[in-house]
Amino acid sequence: MNAPAPLPFSAPALDRPMLSLEALSYRYPNGHSAVDSVSLELGPGILGLLGPNGAGKSSLMRVLATLSRPSSGRVLWNGVDIALQPDALRAALGYLPQDFGVYPALTAREFLRYLAAVKGLPHRTTARRVDECLALVGLSASADTRLGNFSGGMRQRVGIAQALLNDPQLLIVDEPTVGLDPEERMRFRHLLTDLAGARLVILCTHIVSDVEASATELAVMLAGRLHFAGTPAALIAQARGKVWDWTVDAERLASLRTEYHVSASLRRPDGVRVRLVAAQSPAPEAEAVEPGLEDAYVWLLSSAAGA
């Protein structure tokens with residue numbers, strides 16, 4: 001894939017779009033609480049929403065995309081309650097769901113033109129907008145290929161393109177790099193950074209490296225609740241003094257993994273070099289090391305599990 005083309009989109013109409021979550025909760029009809037009293041105040045930039053599978057991230061994204069109504073609490077888009085006036089947000093929203101599907105008999109260009117019509121984009125500008133979005137995700141050469149012949153990664157790029165069709169002020173992408181190869185993932189990260197500017201981008205993922213490369217703010221969900229909200233640097237600071245580097249005999253590795261949260265291991269001639277998180281030093285010869293975001297995330301998960 002070539003380097004991203006310059007962004008063709010105009011600047012958003014609002015200088016500073018704001019999204020406010022006020023004690024937001026969502027429960028399934030069976031009573032299961034998927035989102036439990038989440039409060040956030042979000043402005044322009046990239047929010048990385050992290051959490052393991054089942055944390056409630058996708059349920060939260062569906063509420064923010066006006067596909068589900070809150071069970072309690074509310075969401076305000078520039079001061080407007082989206083449960084009462086969903087069109088206020090829908091006009092400014094771009095959304096890539098985790099389970100994005102395509103019509104395999106259509107070409108990429110036909111599919112995006114169809115979705116542009118569904119979104120109500122002006123007919124006179126649709127052809128140009130579709131071509132711009134295809135170029136942004138590196139699919140210009142495959143624009144007239146049927147989607148049934150696309151790889152999983154190429155289909156994901158079509159999903160990203162459709163989310164950008166209306167030049168959104170709020171862009172929500174749920175596990176967007178699933179199926180992308182390393183080059184495509186890097187391209188997508190660059191694209192998110194370029195798009196942020198005066199927009200609000202919510203990147204929902206369980207892949208820490210995606211967030212580390214682009215997010216200006218982080219939120220971490222566990223079992224439906226918000227366990228952290230702040231900058232990546234603030235999360236890393238919580239893990240300082242809790243990350244250890246240690247060389248052990250290969251025979252000890254299995255037991256260490258049951259006793260500690262091991263974030264990395266590397267076999268070497270003198271044994272296995274392990275990196276783990278723990279409140280106290282696991283051994284006199286273990287060395288405290290500076291945490292990265294992955295370490296800090298593992299520390300937060302392990303702390304919550306032990307609470």
Between [X] (side chain) and [Y] (backbone), is there a donor-acceptor pair under 3.5 Å?
{"X": "R199", "Y": "I46", "value": "no"}
{"X": "E110", "Y": "T107", "value": "yes"}
{"X": "E184", "Y": "D181", "value": "yes"}
{"X": "Q156", "Y": "P176", "value": "yes"}
{"X": "S37", "Y": "A23", "value": "no"}

Quick one: which residue pairs count as a side-chain hydrogen bond (donor to acceptor under 3.5 Å, both in side chains) with a foot in [range], not counting sequence neighbours?
{"range": "residues 210-224", "value": "T177-D210, R189-D210"}
{"range": "residues 244-256", "value": "D245-R273, W246-E285, T247-R273"}
{"range": "residues 143-152", "value": "R109-D144"}

- Pairwise ring-ring contact (aromatic ring centres under 6.0 Å, His included) hits with a residue in residues 113-164, at least two apart: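 The answer is Y103-Y114.
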Does the side chain of [X] reach to within under 4.5 Å of the side chain of [Y], using non-hydrogen atoms?
{"X": "L276", "Y": "P282", "value": "yes"}
{"X": "E290", "Y": "R240", "value": "yes"}
{"X": "V277", "Y": "Y260", "value": "no"}
{"X": "L226", "Y": "V220", "value": "no"}
{"X": "F100", "Y": "R155", "value": "no"}
{"X": "L64", "Y": "I172", "value": "yes"}
{"X": "L235", "Y": "W299", "value": "no"}
{"X": "I202", "Y": "L19", "value": "yes"}

Looking at [atom1] of [X] and [atom2] of [Y], how far apart are the two atoms once the value is rounded to the nearest 0.5 Å?
{"X": "L139", "Y": "C133", "atom1": "CG", "atom2": "SG", "result": "11.0 Å"}
{"X": "L192", "Y": "L171", "atom1": "CG", "atom2": "CG", "result": "6.5 Å"}
{"X": "W77", "Y": "T66", "atom1": "CH2", "atom2": "OG1", "result": "12.5 Å"}
{"X": "Q162", "Y": "L134", "atom1": "CD", "atom2": "CG", "result": "11.5 Å"}
{"X": "I207", "Y": "L50", "atom1": "CD1", "atom2": "CG", "result": "10.0 Å"}
{"X": "R185", "Y": "S209", "atom1": "CZ", "atom2": "OG", "result": "6.0 Å"}

Is it possible for you to say whether [X] and [Y] belong to one hydrophobic cluster, with membership spreading through side-chain heavy-atom contacts below 4.5 Å?
{"X": "Y95", "Y": "L40", "value": "yes"}
{"X": "L49", "Y": "V298", "value": "no"}
{"X": "Y28", "Y": "V38", "value": "yes"}
{"X": "Y297", "Y": "F228", "value": "yes"}
{"X": "L21", "Y": "L67", "value": "yes"}

Considering all heavy atoms of both residues, which atom of [X] and which atom of [Y] are nearest to each other, and what is their separation?
{"X": "V35", "Y": "L60", "answer": "CG2-N, 3.8 Å"}
{"X": "L121", "Y": "T126", "answer": "O-OG1, 4.0 Å"}
{"X": "A196", "Y": "V201", "answer": "CA-CG2, 4.1 Å"}
{"X": "A83", "Y": "P70", "answer": "CB-CD, 4.2 Å"}
{"X": "P168", "Y": "A163", "answer": "CG-O, 3.5 Å"}
{"X": "A215", "Y": "G48", "answer": "CB-N, 3.7 Å"}

- Partner residues of R90 under the salt bridge (Lys or Arg N to Asp or Glu O under 4.0 Å) criterion, sequence neighbours left out: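 Residues passing salt bridge (Lys or Arg N to Asp or Glu O under 4.0 Å) with R90: D87.
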- Hey, is R128 close enough to E132 for a salt bridge, meaning N to O under 4.0 Å?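 Counted as a salt bridge, because a side-chain N and a carboxylate O are separated by less than 4.0 Å.
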Which residues pass the side-chain hydrogen bond (donor to acceptor under 3.5 Å, both in side chains) test with [X], sequence neighbours left out?
{"X": "S265", "result": "R257"}
{"X": "S281", "result": "none"}
{"X": "E22", "result": "R74"}
{"X": "D36", "result": "R225"}

Results of side chain to side chain contact (heavy atoms under 4.5 Å, CB included) for [X] - residues two or more places apart only:
{"X": "A55", "result": "P52, K57, M221"}
{"X": "M18", "result": "R16, E41, N78"}
{"X": "S68", "result": "Y26, R62, V63"}

- Message: With side-chain contact (heavy atoms from CB on, under 4.5 Å) as the criterion, how do R27 and H32 come out once you've worked through the C-alpha distance, each side chain's angles and the decisive distance to 0.1 Å?
- Response: CA-CA 5 Å; R27 289 180 295 277; H32 173 69; over 6 Å; no
- Task: State which residue, out of H261, R275, K242, fulfils the side-chain hydrogen bond (donor to acceptor under 3.5 Å, both in side chains) condition with D295.
- Result: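 Result for side-chain hydrogen bond (donor to acceptor under 3.5 Å, both in side chains) with D295: R275.
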- Item | Option passing side-chain contact (heavy atoms from CB on, under 4.5 Å) with P232 (candidates V208, L218, V211) |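 Between P232 and the candidates, side-chain contact (heavy atoms from CB on, under 4.5 Å) is satisfied uniquely by L218.
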- Item | V158 and its side-chain contact (heavy atoms from CB on, under 4.5 Å) partner, picked from L115, L96, V137, L112 |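 The residue from L115, L96, V137, L112 that satisfies side-chain contact (heavy atoms from CB on, under 4.5 Å) with V158 turns out to be L112.
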